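Notes for the one structure printed next.
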Amino acid sequence: MELVVAGGGVIGLTCAWRAAQAGWAVGLFDPDPESGSSWVAGGMLAPVTEAWPGEEELLELGLRSVALWPEFAAELGDPGLHTGGTVVAATGTGDRAELDSLADHLARLGRPVERLTGRELRRLEPALGPDVRGGLSVPADLSVDNRALLASLRTAAEKAGVRIEERAYRGEPADTLLICAGAHSAALHPALRGLVRPVKGEILRLAHRRGAFPMPGRTVRALVDGRPVYLVPRPNGLVVGATQSEQGFDTEPTVGGVRDLLRDAERIVPGIAEYGLVEVAAGLRPGSPDNLPLIGRLDDRTLVATGHSRNGILLAPLTAQLIVAVLDGGSVPAAVDPGRFG
Ligand code: GLY
């Protein structure tokens with residue numbers, strides 16, 4: 001049986017790889033695999049610190065998927081899985097209250113997190129500055145080097161027999177089509193119109209320079225006067241993200257976005273002032289109406305896996321499991337079924 005996958009980000013590659021392993025003849029189309037949101041991303045695998053009241057189903061999916069990650073990463077060789085964990089820092093009183101309500105919410109769900117004072121957080125992460133007044137420690141929220149991951153996935157997919165073509169999908173016939181085109185997915189099937197929209201995120205890459213203050217060992221997330229910012233460690237630097245705005249398919253980084261990220265990140269980790277600024281980029285998260293992904297069947301010959309919003313990399317192993325189950329005649333949980341909007 002033949003499967004065509006439209007889109008070669010982390011979702012498309014993972015589904016293509018798993019489908020090929022399950023015996024499908026897979027062709028994958030992407031005009032520029034190293035440009036989409038998977039390439040721009042920060043790579044956080046953070047179900048708990050992305051969990052907000054009202055998003056309990058997303059938390060459940062994230063926890064299921066993060067549990068798959070160690071074995072998934074091991075199968076891929078070394079895609080840069082970072083298991084140092086995550087701390088969340090607050091600056092002002094309002095930020096601390098916000099984190100307290102997140103901790104209360106998690107405790108009510110039976111997922112307590114450790115609350116720490118500013119001093120305790122600095123003992124864990126000496127890179128944190130004096131403006132950090134308190135926060136949380138969440139060792140189970142991980143990260144991965146998204147670019148190393150994409151390279152490992154491509155190698156694994158090709159080894160499993162996936163044929164990758166670096167051009168756009170133009171309606172090539174196949175037994176089954178799987179749409180994984182991220183924020184661009186809605187253009188590929190009428191049932192997706194109005195369900196997937198681009199959510200712009202600006203992000204920076206910083207390089208540690210000799211003599212600069214050592215990098216944090218964990219992912220550092222923070223609220224700075226209500227604005228969220230994160231710093232994700234890489235072997236020789238940090239990824240700093242991310243703004244969030246809805247401006248159609250605009251991927252031009254703005255001066256204001258870069259200024260906000262640098263100002264807020266420096267409040268939390270003052271040592272970054274000595275780092276190199278090596279990349280400024282913007283990507284388009286594929287937003288969905290309820291922040292849950294759309295995974296499953298659209299019609300007799302079309303499947304979809306998109307709408308992962310802020311959690312595509314985290315949800316990749318679980319998404320591929322669900323897609324392989326659908327290819328095999330199975331069903332998906334109602335929470336992710338693309339037909340749930342009626
Ligand atoms: N996953 C973090 C972000 O979308 O910015």
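We count ligands from 1, going down the list as the structure has it; atoms in each ligand are counted the same way. Keep in mind the model is a prediction, meaning the values are calculated, not measured.
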A242 heavy atoms within 4.0 Å reach ligand 1 at atoms 5 (O)
Check D30, V5, L149, L150 against L13 for a side chain to side chain contact (heavy atoms under 4.5 Å, CB included) and give me the one that passes.
L150
Backbone N or O of A281 within a donor-acceptor pair of the R205 side chain at under 3.5 Å?
no
Looking only at distance, does R285 have an N or O less than 3.5 Å from an N or O of ligand 1?
yes
Quick test of your reading of the model: are E50 and R310 salt-bridged, counting only N-O distances below 4.0 Å?
yes
Under 4.0 Å, counting heavy atoms only: does E50 come that close to any atom of ligand 1?
yes
Considering heavy atoms of the protein only, find what lies nearest to atom 2 (C) of ligand 1 and give residue, atom and distance to 0.1 Å.
Y230 OH, 3.4 Å
Please list, in number order, the atoms of ligand 1 under 4.0 Å from a heavy atom of M44.
2 (C)
If you have a sec, work out which protein heavy atom is nearest atom 1 (N) of ligand 1 and how many Å separate them, to one decimal?
R310 O, 2.7 Å
Test salt bridge (Lys or Arg N to Asp or Glu O under 4.0 Å), reference D225, set R263, R267, R96, output is R267
Please verify the inter-ring angle class for F72 with W17; under 30° counts as parallel, over 60° as perpendicular, anything in between as tilted.
tilted
